[in-house]
Amino acid sequence: MIRLFLGAIVLVLLITTPVWLAVAVWPDWLNAILISKKAFLSAILNGVTLAGLYFLVASGFTLIFGLMRNVNLAHGSLFLLGSYVGYEVVDRTGSWLAGLAAGFAALAVIGVGLQIAVFRKLEGDDMRQTLVSIGVSVIAADLMLSIWGGATYQIPIPDLLAANVRLPFVTAIRSDGSNVYLAYPVLRLTALAIAVVAGIALWSMLKFSRVGMMVRAGVDDKAMLDASGVNVHRLFAVVFGFGAGLAGLAGVVGGSVLSVSPGEDVRYLLVSLVVVIVGGMGSISGAAIGALLIGLAEQISLVYMPTYGIVLIFLIMMATLAVRPRGLMGLAR
């Protein structure tokens, strides 16, 4: 009885504390500890929206690496190429939605080509897949550098996305007694919405659709699925292309929210690896949780301890591996 009572108290605190932090006007001592309510809420919101971008990249990676066991270390290059494709399309057409569609479609086609020409021939040989994919990423990086140079690009966005929206979070009280509300970019909220929709659609597809059932069956017993009449090679090529397309889509979103520049491919490849390790291989929900943890850790540390941001991220990964080596949502195989 006492344990249930204590558990109920802890649950109430876990629910009410974040609500109070977001809605209430902070006392001076709390503002002194956490710099300001605006800084704290901005860090949390930036972490959540950045997590959406990380999830888009890592969801494609967990499809390719976590489910299909294709060691594709060129995944970051797919992200960066998607950014450049999106930039070119938006710059020429003026349509941001056309850039999103082009980034996804172009990289999906390239992903199918990679699976057929490279990974299918190296199936079951993880070491050769790793080395060849590193070679592909190096070649791709040099080609992109020769075409787009070393400049930093920003993908143009519509005026609607460039605006700010007022959120119902009071950050201060004016001298006349009126409230000051937190304003936040519509673009970041849109990026988060895209990630949420993509995550729900991907999870539903893998969980409930016939294609998802075939993918899971092919991962567990490829020979049996092949014997049942399913073209496993075609199925895996389509799934690989879809994962690459998600990387391209994330590239357009990332190039709009942040920027497009050489070296971003390595950053997002490392983020994808960390997210999949923390969340668990092959788990879409795990990728979402891992992305949320990494995104929040990165943005909170940027505000409160910028020198140790990367340390905090790898501490999360080490702690996860120490407590649950399969990842938070990973299943034993």
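All figures in this text were calculated on a predicted structure; none of them were measured in a lab. Here, residue 1 is the first one in the sequence, and each next residue gets the next number.
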Let me confirm one number: the [atom1]-[atom2] distance from [X] to [Y], rounded to the nearest 0.5 Å.
| X | Y | atom1 | atom2 | result |
| --- | --- | --- | --- | --- |
| Ser256 | Tyr153 | OG | OH | 15.5 Å |
| His75 | Thr62 | NE2 | OG1 | 9.5 Å |
| Arg166 | Asn164 | CZ | CG | 12.5 Å |
| Ile289 | Ile284 | CD1 | CD1 | 12.0 Å |
| Ile313 | Glu298 | CD1 | CD | 5.0 Å |
| Asp265 | Met144 | CG | CE | 5.5 Å |

Between [X] and [Y], is there a donor-acceptor pair closer than 3.5 Å when you use the side chain of the first and the backbone of the second?
| X | Y | result |
| --- | --- | --- |
| Ser133 | Leu73 | yes |
| Tyr268 | Leu78 | no |
| Ser83 | Gly251 | yes |

Handout entry: Stepwise side-chain contact (heavy atoms from CB on, under 4.5 Å) test for Leu81 and Leu143
Key = CA-CA 10 Å; Leu81 182 57; Leu143 287 174; over 6 Å; no
Can you check whether [X] reaches [Y] side chain to side chain, under 4.5 Å on heavy atoms?
| X | Y | result |
| --- | --- | --- |
| Leu202 | Leu63 | yes |
| Glu264 | Leu258 | no |
| Arg120 | Phe236 | no |
| Leu246 | Phe61 | no |
| Tyr184 | Asn46 | yes |
| Ile194 | Leu56 | yes |
| Trp96 | Ile155 | yes |
| Val196 | Phe55 | no |

Practice task
Kindly give the heavy-atom pair with the smallest separation between Ala297 and Ile316, and that separation in Å.
Solution key: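 It is CB-CD1, 3.6 Å.
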Problem - For Ala43 against Val303, the heavy-atom pair lying closest together - result: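 Between these two residues, the closest heavy atoms are CB-CG2, 3.7 Å.
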Practice task
Measure up the Phe119 and Phe240 rings against each other and bin them: parallel (under 30°), tilted (30 to 60°), perpendicular (over 60°).
Solution key: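 Tilted.
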Exercise for the section: Determine, step by step, whether Thr320 and Leu293 satisfy the side-chain contact (heavy atoms from CB on, under 4.5 Å) criterion, reporting the C-alpha distance in whole Å, the side-chain angles of both residues, the deciding distance to 0.1 Å, and the verdict. Expected result: CA-CA 11 Å; Thr320 302; Leu293 289 174; 5.7 Å; no
Problem - Between Phe242 and Phe104, ring centroids under 6.0 Å - result: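 Yes, ring centres under 6.0 Å apart.
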